[in-house]
K.L.:
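Quick one: the structure is below, questions incoming.
First the proteins, then the strands, lettered A, B, ... as listed; each starts at 1.
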Protein chains: 2
Amino acid sequence: MRDRNLALLLGEIARRGPMTRARLAEVTGLTKTTVSTLVAVLADIGLVRADGRVHEGERGRPGVAVAINRDGPAGLGLEVNVDYLAACVLDLGRRVRYRDLVHADNRSRPVEEVLAELGAVAERALNAARQQGLAVKGAMVALPGVLDHRLLRTAPNLGWSDLPIADLLDAHLPALPRPTGLDNEANLAALAELWFGGGAALGDFVYVSGEIGIGAGIVVSGRLFRGAHGSAGELGHVPVDPAGPACSCGGRGCLEQVAGQSAILRSAGLSQDSSPEALRLLLRRLEERRPAATEAVSRAGAALGVALIGAANLLDPDTIVLGGLFSTLAPWIRRPVQAALGTASGRLRATAPEVTASALGEDAAVLGAAGAVIERLITDPGALLAARIA
Amino acid sequence: MRDRNLALLLGEIARRGPMTRARLAEVTGLTKTTVSTLVAVLADIGLVRADGRVHEGERGRPGVAVAINRDGPAGLGLEVNVDYLAACVLDLGRRVRYRDLVHADNRSRPVEEVLAELGAVAERALNAARQQGLAVKGAMVALPGVLDHRLLRTAPNLGWSDLPIADLLDAHLPALPRPTGLDNEANLAALAELWFGGGAALGDFVYVSGEIGIGAGIVVSGRLFRGAHGSAGELGHVPVDPAGPACSCGGRGCLEQVAGQSAILRSAGLSQDSSPEALRLLLRRLEERRPAATEAVSRAGAALGVALIGAANLLDPDTIVLGGLFSTLAPWIRRPVQAALGTASGRLRATAPEVTASALGEDAAVLGAAGAVIERLITDPGALLAARIA
DNA sequence: TCTAATTAGTTCATCGACTTGACTTAATAG
DNA sequence: CTATTAAGTCAAGTCGATGAACTAATTAGA
């Protein structure tokens, strides 16, 4: 009961910004008395600060604004990706307080080495947080692969598979603040979109993560849809052409084979491997309006559209957010995707889902990871309270 | 608080069957005292009965079993489908206490006439319930179409579209017990599968409803996944062949065009329209192992498999349940579906989702509808309590 | 400048709901 | 017939939210 009301209050403060106790009481339906005592508790744990006179020009006694404490608990996000490692520290107000991105070709390195370097990255982030007076209360690691609880089923683009990744993290990064979590890169990028991108205006949405593979994060009522084993959103292996070539997943004509980064490059007559240089070349050609390039991207967009028609019919989202590579390609790929979606949902629903491009950069996932830690703190302040007492 | 504990207790009793108060206390973590008082409340509303001595052969004072009251509150389910109307009354123990199915070709009739007849069907069901001493505490109507809140967006196989269906129901069936709900036939059939079919062993599952159209109900942690506008699970319009013919939905190569009832009949060289006779003929031919028939069904199964690979990748369910027409065709269609799913998810997850056939009959949806009313009573006994006081 | 009005926040008695621990009840074992 | 065991109730206590009255700080207006 107390925990629920603490979460309720903190949620409102986080969502609507600083507020007086009186307004909080109005908004939450609790009495002024209850709000006062609970705010005292939240302030005691360090989650909120009740200072800063605020008087909105009205008459009557001025209220004291209760605001999220930006100098207390914080969250650490980490990301292992194909060609970089990243870290990020967010304060409770979801402001970026530290950010780091280290380029590294992780495809060619053994897991232990990558995790050792991740440990160094994390160490630096934690030091930076400490110097700013932040108390990191949890960590979340983003990985470009399919996770099943504490197991990394497969991360094709890293060449990793069937690793007890949670245990490996515990072993190589013992200093990580608890609780420590793990999630798919697309899932966390989707959450980043919710908190740092389009926000609540997106409604329920599917975030399409076009990195070297293609994944998706599905957000329903502000929370991730993970599926029974945590591997929902594998958009890259939705079949878009049953007559297509066999895929390494065992299927045939998977989206990834037609609209994945290397497929686009190949189809545009560029390099086979998906190096950053080849990508830059593709973008140059697109800007020069070279037909081979634009047509390759259109074809990919059409295929992505087909997969998304399936997703839209199954999931009925409000919005589709193009992320990663696809957000870079948005000027050329958005139209074919939207066209495919638009025609295909005429009779079924009032309007086709809107297609937008993410404005977040390549390391969206690491933002989402840190954001997820913050989200947990905000939705479950009781945990922090219990930890403090124990 | 009280409401939550009432729901907790009732849920345990419903799930595990009759129990003594002492065992309930153990199971829920509440104290014996609390359990006693709450059970008294539940008994007072008529949700449970505390009689029936039960002594499990142990020594000590024998306990009194607290059981769901099968002669109190009940739920009414109604269904409008293409060629029948159905009603069903369930008691709190989810036993069928009344069941009715009236054949009627609703395609050829105006909405008002259909609803008038549904009213008569409902009237009979309510009378039957009253005679058995049941108090019907709510109703749910299953419809073969896409619903958006109180609106029927489209029911292609009835030829209905854009109807304010909730208001029409209120107008034509004013005597329906409140609260009254509406849902898609596939969604409710999926719930029926959860409560009367495979049950909790299915885990998260996708129920494929093969009627004249193809729909799906998605069940996640025991609850329906409805999407942002209530039209999730439109499996029939997932594209399975981008090169295929245009569909009335505006898309191309939708599953329904390849694996819908009339598509199968056509592909088997049988009648164009999907009459029950044509269907019987198909079944005969299948039993006779006629290649035209078995191949037609195999093709449909392969297409269904493709759509389900997409669904499995996006939703990550434990199980796929073939329902409606597909459960009838299960002996011939299950293998191709499973084959498609099996090969396509090799690297992505530990195991492909299991494919089972529903054992429920054609009117699964009406069971699910009545079951949904019961579910609401069990998960929210507080509402009943509040109603009784008011 | 002073008072009334207005709004913010606190104090305190109370109430509702669960818990604790002792007690009663009803069975079996020996 | 008594000891033991388990089910269930009772009375007192605790925790957390509530409501009414009160104090505090400001503006509007006389």
K.L.:
For B:M19 and D:dA6, give me the distance from atom CE to atom C1', rounded to whole Å.
P.N.:
17 Å
K.L.:
Answer yes if the side chains of B:N5 and B:R2 hold a donor-acceptor pair under 3.5 Å, and no otherwise.
P.N.:
no
K.L.:
Base, sugar-phosphate or nothing for B:V64? Non-hydrogen atoms, less than 4.0 Å.
P.N.:
sugar-phosphate
K.L.:
Donor-acceptor pairs are to be reported for all side-chain atoms of residues 189-204 of chain B against protein atoms at under 3.5 Å, with residues two or more places apart or in another chain.
P.N.:
| residue | atom | partner | partner atom | Å |
| --- | --- | --- | --- | --- |
| B:E193 | OE1 | B:S358 | OG | 2.7 |
| B:E193 | OE2 | B:G198 | N | 3.2 |
| B:D204 | OD1 | B:S221 | N | 2.9 |

K.L.:
Using the side-chain heavy atoms of A:P62, tell me which of these nucleotides is nearest: C:dA26, D:dA25, C:dC18.
P.N.:
D:dA25
K.L.:
Tell me whether the OP1 or OP2 atom of C:dA8 has a side-chain N or O from A:R59 closer than 4.0 Å.
P.N.:
no
K.L.:
Looking at every non-hydrogen atom in both residues, tell me the closest pair between B:V48 and B:V39 and how far apart they are.
P.N.:
CG2-O, 4.0 Å
K.L.:
Look at A:S36 and C:dT10 and indicate whether a side-chain polar atom (N or O) is within less than 4.0 Å of OP1 or OP2.
P.N.:
yes
K.L.:
Identify which nucleotide among C:dC12, D:dG8, D:dA17 has an atom closest to any side-chain atom of A:T33, counting heavy atoms from C-beta outward.
P.N.:
C:dC12
K.L.:
Just how far, in rounded Å, is C1' of D:dA17 from CG of A:L6?
P.N.:
13 Å
K.L.:
Ion pair present between B:D71 and B:R97, side-chain N to carboxylate O less than 4.0 angstrom?
P.N.:
yes
K.L.:
In this structure, how many angstroms lie between the P atom of C:dT24 and the NZ atom of B:K32, rounded?
P.N.:
14 Å
K.L.:
Atom CG of A:L38 and atom C1' of D:dC15: how far apart are they, to the nearest Å?
P.N.:
12 Å
K.L.:
Taking only N and O in the side chain of B:T31, is any of them less than 4.0 Å away from OP1 or OP2 of C:dC18?
P.N.:
no
K.L.:
Compute the bend angle of the helix from C:dT1-D:dA30 to C:dG30-D:dC1 from the end axes (five pairs per end), rounded to 10°.
P.N.:
10°
K.L.:
Charged N to carboxylate O below 4.0 Å: is that the case for B:D316 and A:R226?
P.N.:
no
K.L.:
Measure the distance from CZ on A:R4 to P on C:dA17 and round it to the nearest whole Å.
P.N.:
13 Å
K.L.:
Sequence neighbours left out, cut at 3.5 Å: what donor-acceptor pairs do the side chains of residues 369-379 of chain B make with other protein atoms?
P.N.:
| residue | atom | partner | partner atom | Å |
| --- | --- | --- | --- | --- |
| B:E375 | OE1 | B:R94 | NH2 | 2.5 |
| B:R376 | NH2 | B:K137 | O | 3.3 |
| B:T379 | OG1 | B:E375 | O | 2.8 |

K.L.:
Quick check on C:dT6: is either OP1 or OP2 less than 4.0 Å from any side-chain nitrogen or oxygen of A:R61?
P.N.:
no
K.L.:
Would you please confirm or rule out a distance under 4.0 Å between OP1 or OP2 of D:dT18 and any side-chain N or O of A:T34?
P.N.:
yes
K.L.:
If I take atom CG in residue B:L30 and atom P in nucleotide C:dG16, what distance separates them, rounded to the nearest angstrom?
P.N.:
20 Å
K.L.:
Using whole Å, report how far CG of A:L8 lies from C1' of D:dA17.
P.N.:
13 Å
K.L.:
Once you round it to whole Å, what is the distance between C1' of C:dA8 and CZ of A:R23?
P.N.:
14 Å
K.L.:
Carefully, step by step, assess A:D170 and A:R150 under the rule salt bridge (Lys or Arg N to Asp or Glu O under 4.0 Å).
P.N.:
CA-CA 11 Å; A:D170 278 351; A:R150 301 171 55 82; 3.7 Å; yes
K.L.:
OP1 or OP2 of C:dC18 sitting under 4.0 Å from any side-chain N/O of B:N5?
P.N.:
yes
